[in-house]
Amino acid sequence: MLELRLVQGSLLKKVLESVKDLVTDANFDCSATGFSLQAMDSSHVALVALLLRSEGFEHYRCDRNLSMGMNLNNMSKMLKCAGNDDIITIKADDGSDTVTFMFESPTQDKIADFEMKLMDIDSEHLGIPEAEYHAIVRMPSAEFARICKDLSSIGDTVVISVTKEGVKFSTRGDIGTANIVCRQNTSVDKPEESTIIEMNEPVSLTFALRYMNSFTKATPLANSVTISLSSELPVVVEYKIAEMGYIRFYLAPKIED
Amino acid sequence: SCLQRKILDYFGEN
């Protein structure tokens, strides 16, 4: 038996909107730790890892570990029927091939339940090691989204370079080139508007902008985004989900042929 | 030209 009650149902709606274009089908894993997902895009170039910790739910009952295969487009269709202020409860019985999403309006005057068919998904679970990164950049998520969108109108790839001068986002295309440098800025009153660069050593990596733009669909989940770079690892683009956990996108770099 | 690496080039299966 599984019953997860999320008062801030809009979080789940936002999570779905941020992953459904990247991943078609995925297993949601439910354990005592929380509600999680790990899935790669169909090209195996990007990976998404989501964790919503059990403590973040108003009610969290998960009698035994359960993996539920869902088509994310269908799940999104169902969650779009929930109001932004609705409380969402996810329910499933052991051995059932369906999951139920229950939506309650804040005033309890409307209660809806949507039952969705589950599917068997054969997916490998990857081991992601704890790692030291050469550089970690924290910046406003809206700023990062703007940069990715702007650069994708010029080129297909972005070179992200971190030096002690700051973080530089560069692209080139048929019409020309573009460089955007963001310097460390901690003087602003609001911490979420600051840009903080931790650099152990300079790093420069090239990524497909199409994937970066897809990751920025998670912007509504967090004011800040953290970009962790190392020359030996995929970049990690992380959006913290307030009080609950995170959504992390991993993207393998492009390298010189 | 650039070669796109894959996630599996970095992370192994659990």
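Throughout, protein chains are lettered first and strands after them, A, B, ... in sequence-line order, and every chain is numbered starting at 1.
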Query raised in the report: Would you find more than 12 non-hydrogen atoms of other residues, nucleotides or ligands less than 6.0 Å from A/D156 atom CG?
Result: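 Check fails, neighbour count at 12 or below.
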
Requested in this report: For atom CG of A/D94, decide whether the heavy atoms of other residues, nucleotides or ligands shown that lie under 6.0 angstrom number more than 12.
Outcome: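 Result for CG/A/D94: enclosed.
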
Measuring from [X]:[atom1] to [Y]:[atom2], what's the distance to the nearest 0.5 Å?
| X | Y | atom1 | atom2 | result |
| --- | --- | --- | --- | --- |
| A/H125 | B/F11 | NE2 | CZ | 12.0 Å |
| A/F207 | B/Q4 | CZ | CD | 9.5 Å |
| A/I128 | B/I7 | CD1 | CD1 | 8.0 Å |
| B/L8 | A/H44 | CG | NE2 | 6.5 Å |

Report task. For residues B/R5 and A/V45, report the shortest heavy-atom separation together with the two atoms involved. Result ->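 Closest pair (atom of B/R5, atom of A/V45, distance): O-CG2, 4.1 Å.
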
**Report entry** Donor-acceptor contact below 3.5 Å, side chain B/K6 vs main chain A/A252
**Finding:**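 Absent.
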
Query raised in the report: Would A/Y250 and B/Y10 count as a close aromatic pair, with their ring centres under 6.0 Å?
Result: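 No, too far apart.
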
